[in-house]
Amino acid sequence: MTYVFNPAPTVVVPTHDGREFPVHRVYCVGRNYVEHAQEMGFSGREPPFFFLKPADAVVAVAEGQTGVIEYPSLTKNLHHEIELVVAIGTGGRNIKAADAAKHIWGYGIGLDMTRRDLQGEMKKQGRPWCIGKAFEQSAPIGVLRAKSATGELLKGAITLKVNGELRQKGDLSQLIWSVNETIEHLSNAWTLQSGDLIYTGTPAGVAAVASGDVMEGAIDGLGTLKVRVG
């Protein structure tokens, strides 16, 4: 086969056992913690909704390292959103929540970086807000750990510090739609594939970061993710 140009390499995320997890798609769940939904002007257990980021939005950060992302163009209000990331090992369609855990390979810590001013403007105009969410380097992620090692993550503290100051704090048990319910809803709309990553939503406390700021996220059982804004 002869290509017009050399194809981009496969996007991969390192795993705790020294292997690499090839990324297919990146799905994100919107407003999946009550307090975050409230700070964004919503409330209650609304039906889950999703948006996507391109695979090359992923910035994989090796264990013990500090990743670097560039401050993106067009925005003056770049926000952090710390999230549990679910890595799909076995795909499927119309997966029941009761069977969802069988499709999970493992978990990681991720940041859903958001150009909040651009997202807000698109919301006002009733237009898609890809420009606020799906830009380059908008999905930093730490090392993935296999579910066989962590067990199924149903609870545990999730936090984010910026320059050592606590900004976000919650617990995985506070997810409005659990991981298994999320997989059920997602797989009704898309056929999930091996290599899919699901960013499951962020707790309250989202706020802006500036160039030079260092973000450090942590989730019980998954270690930490450290990222500096260039």
Side-chain angles (χ1 to χ4, degrees), residues 11-17 19-38 40 42-53 55 58 81-112 133 139 141-159 168-204 217-223 225:
V11 176
V12 297
V13 179
T15 66
H16 195 250
D17 59 9
R19 295 182 290 171
E20 292 183 326
F21 184 91
V23 178
H24 177 244
R25 288 179 178 168
V26 180
Y27 296 97
C28 302
V29 187
R31 299 195 292 264
N32 205 22
Y33 285 81
V34 170
E35 289 183 358
H36 173 59
Q38 291 172 343
M40 300 304 290
F42 299 85
S43 62
R45 183 180 163 95
E46 62 182 321
F49 70 94
F50 309 98
F51 56 92
L52 286 86
K53 294 177 183 273
V58 169
E81 297 189 9
I82 186 69
E83 312 204 2
L84 172 70
V85 181
V86 176
I88 297 297
T90 304
R93 188 166 179 81
N94 298 321
I95 299 167
K96 299 299 183 185
D99 299 321
K102 301 174 185 175
H103 296 260
I104 298 171
W105 183 86
Y107 305 95
I109 305 172
L111 283 163
D112 167 17
K133 288 286 192 178
I141 187 171
V143 171
L144 295 174
R145 285 171 168 76
K147 180 167 62 72
S148 59
T150 65
E152 192 175 352
L153 295 185
L154 303 175
K155 61 182 180 179
I158 175 172
T159 60
Q168 293 185 262
K169 182 179 180 181
D171 194 280
L172 301 180
S173 63
Q174 296 171 330
L175 285 167
I176 296 172
W177 296 94
S178 71
V179 168
N180 292 342
E181 290 172 326
T182 293
I183 290 173
E184 177 175 302
H185 283 281
L186 263 178
S187 68
N188 288 338
W190 293 275
T191 300
L192 293 181
Q193 302 284 343
S194 301
D196 286 341
L197 297 176
I198 304 171
Y199 281 59
T200 58
T202 194
I219 297 177
D220 284 352
L222 297 180
L225 167 65

Working for side-chain contact (heavy atoms from CB on, under 4.5 Å), residues Ile109 and Val85: CA-CA 6 Å; Ile109 305 172; Val85 181; over 6 Å; no
CA sep, side-chain torsions, deciding dist, call: Phe21, Ile141, side-chain contact (heavy atoms from CB on, under 4.5 Å): CA-CA 12 Å; Phe21 184 91; Ile141 187 171; over 6 Å; no
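Annotation: side chain of Ile183 is in contact with side chain of Ile88 (closest heavy-atom distance under 4.5 Å). Counting heavy atoms from C-beta on, the side chains of Pro203 and Ile82 come closer than 4.5 Å. Side-chain atoms of Asp112 and Lys133, non-hydrogen and from C-beta on, do get closer than 4.5 Å to each other. With a 4.5 Å cut-off on side-chain heavy atoms, Ile95 and His103 count as touching. Taking the side chain as every heavy atom from C-beta outward, Leu52 and Trp190 approach each other to under 4.5 Å. With contacts defined as side-chain heavy-atom distances shorter than 4.5 Å, the pair Leu84/Val179 qualifies.
Checking each of Ile198, Leu144, Leu153 against Tyr107 for a side chain to side chain contact (heavy atoms under 4.5 Å, CB included) leaves exactly one that passes, namely Leu153.
With hydrogens and angles left out, the side-chain atoms of Ser173 and Asp171 include a donor and acceptor closer than 3.5 Å.
A donor-acceptor pair under 3.5 Å is formed between the side chain of Asp196 and the backbone N or O of Arg25.
With sequence neighbours left out, the side chain to side chain donor-acceptor pair (under 3.5 Å) criterion links Thr15 to Asp17.
A salt bridge is defined here as a Lys NZ or Arg NE, NH1 or NH2 lying under 4.0 Å from an Asp or Glu carboxylate O, and Asp99 with Lys102 meets this definition.
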